[in-house]
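Down below is the structure, laid out as structure tokens.
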Amino acid sequence: MAQNGLNSTVKLLGTWGSPFGLRAQVALHLKSVEYEYMEEVLNSKSDLLLESNPIYKKVPVLIHGDVSICESLNIVQYIDESWPSDPSILPSHPNDRASARFWAHFVNGKCLETINAVAEAKDNDVRMAMAGNLIECLALLEEVFQKSSKGGYFFGGESIGFLDIACGAMVAPLSVVEAFSGVKFLSEDTTPGMLQWVEKFRAHEAVKPYLPNVDEFLEFAKKKFNVQ
């Protein structure tokens, strides 16, 4: 396993089924970083979580020695920079790095918010309207995938990169909103690249141990959103 440059212990505070925690777990796995995973109970947050993330009081939090890193995309970038051995997570070219960051923030600020809107909707007309917005988001990501994958299985080409990890946070939630709405958001006709990408991402050795089972995650989401 890779040793960290600061010769410090590494801990990850997370909670089961967190799509944001998944990002950190995948990045740590890719870099072969040894760490202690600490499960948080969010209705009874630990003192360590409150001390490590006093602003948002949310997981995930990466603790590297006496340094606490918050926010999942920030954590992934920190891991890539602190453990510079291969594989590299962020692209090497500045333009490609900037593009990956832009679309990662699009996933956070547009795609995941729209997924939540579909899940939270109590009125079917509202849910279908939000589903339409999500289809538009995924169509844009399909265009990005076709350009950036260069014929590979991932946004990063032949290997998982920063944008793959960012988009990975949508995989489990997408299965939930498909069940809630009855809409298939990914298909061979409209998003063939993204459809293939989900299959390859799910099966990747750095992802499979941490991605929640679809049925278990669906039951979890039904309780969270009070859906029968």
Side-chain angles (χ1 to χ4, degrees), residues 1-12 14 18-35 60-65 67-112 137-171 186 191-211:
M1 302 293 279
Q3 299 298 311
N4 68 68
L6 300 181
N7 194 29
S8 303
T9 59
V10 181
K11 299 177 181 178
L12 178 64
S18 168
F20 302 104
L22 174 72
R23 289 171 170 169
Q25 289 172 303
V26 171
L28 288 165
H29 189 116
L30 286 171
K31 292 291 187 174
S32 299
V33 177
E34 294 180 354
Y35 67 99
V61 177
L62 183 76
I63 302 174
H64 187 189
V67 175
S68 298
I69 312 299
C70 307
E71 299 297 303
S72 61
L73 293 177
N74 195 34
I75 289 171
V76 173
Q77 292 180 76
Y78 178 87
I79 291 168
D80 195 38
E81 293 167 0
S82 295
W83 290 273
S85 59
D86 288 336
S88 180
I89 293 174
L90 280 155
S92 58
H93 194 280
N95 182 59
D96 293 335
R97 283 201 301 274
S99 178
R101 290 190 183 108
F102 174 87
W103 287 108
H105 285 289
F106 171 78
V107 170
N108 266 16
K110 190 73 173 178
C111 300
L112 286 168
C137 291
L138 294 171
L140 286 172
L141 285 179
E142 174 70 18
E143 292 180 15
V144 176
F145 178 83
Q146 295 297 345
K147 291 177 182 177
S148 65
S149 64
K150 298 179 175 63
Y153 291 127
F154 302 104
F155 284 93
E158 294 301 325
S159 58
I160 283 181
F162 184 69
L163 187 50
D164 295 286
I165 294 173
C167 290
M170 296 192 301
V171 171
L186 299 176
T191 53
M194 287 294 294
L195 185 64
Q196 174 184 262
W197 171 82
V198 167
E199 294 177 0
K200 294 296 182 181
F201 185 82
R202 279 187 176 279
H204 195 281
E205 64 174 7
V207 177
K208 197 171 181 178
Y210 315 109
L211 198 64

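Panel note: side chain K11, backbone L62; no donor-acceptor pair is recorded below 3.5 Å.
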Side-chain atoms of residues 151-170: list all donor-acceptor pairs with protein atoms under 3.5 Å, sequence neighbours left out, distances to 0.1 Å.
{"residue": "D164", "atom": "OD1", "partner": "F155", "partner atom": "N", "Å": "2.8"}
{"residue": "D164", "atom": "OD1", "partner": "W197", "partner atom": "NE1", "Å": "2.7"}
{"residue": "D164", "atom": "OD2", "partner": "F155", "partner atom": "N", "Å": "3.4"}
{"residue": "D164", "atom": "OD2", "partner": "G156", "partner atom": "N", "Å": "3.0"}
{"residue": "D164", "atom": "OD2", "partner": "G161", "partner atom": "N", "Å": "2.9"}

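For the atom pair NZ of K110 and CG of L138, the computed distance is 12.0 Å after rounding to the nearest 0.5 Å. Atoms OH and CD, on Y210 and Q25 in that order, are 6.5 Å from each other to the nearest 0.5 Å.
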Using side chain to side chain contact (heavy atoms under 4.5 Å, CB included), reason through L112 and F20 one step at a time and then give a plain yes or no.
CA-CA 11 Å; L112 286 168; F20 302 104; 3.7 Å; yes
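Remark: of the listed residues T9, V10, I63, V10 is the sole one forming a side chain to side chain contact (heavy atoms under 4.5 Å, CB included) with Y35.
V171 has its side chain within reach of R202: a pair of non-hydrogen atoms, C-beta onward, lies under 4.5 Å apart. Looking at heavy atoms from C-beta onward, I75 lies out of side-chain contact with L28 at the 4.5 angstrom threshold. Between F106 and V144, every side-chain heavy-atom pair lies at or beyond the 4.5 Å cut-off. Taking 4.5 Å as the limit, every side-chain heavy atom of L211 sits out of range of all side-chain heavy atoms of H204.
In this structure, L30 and A206 approach most closely via the heavy-atom pair CD2-CB, 3.7 Å. Of all non-hydrogen atoms in I89 and A27, the two that sit nearest each other are CD1-CB, 3.8 Å. Nearest heavy-atom pair, S8 versus H64, reported as atom, atom and distance to 0.1 Å: CB-CD2, 3.9 Å. A24 and I79 make their closest contact through O-CD1, 4.0 Å (heavy atoms, listed as atom of the first residue, atom of the second, distance).
Pairs engaging residues 92-108 under the side-chain hydrogen bond (donor to acceptor under 3.5 Å, both in side chains) rule: R23-N108, Q77-R101 [sequence neighbours left out].
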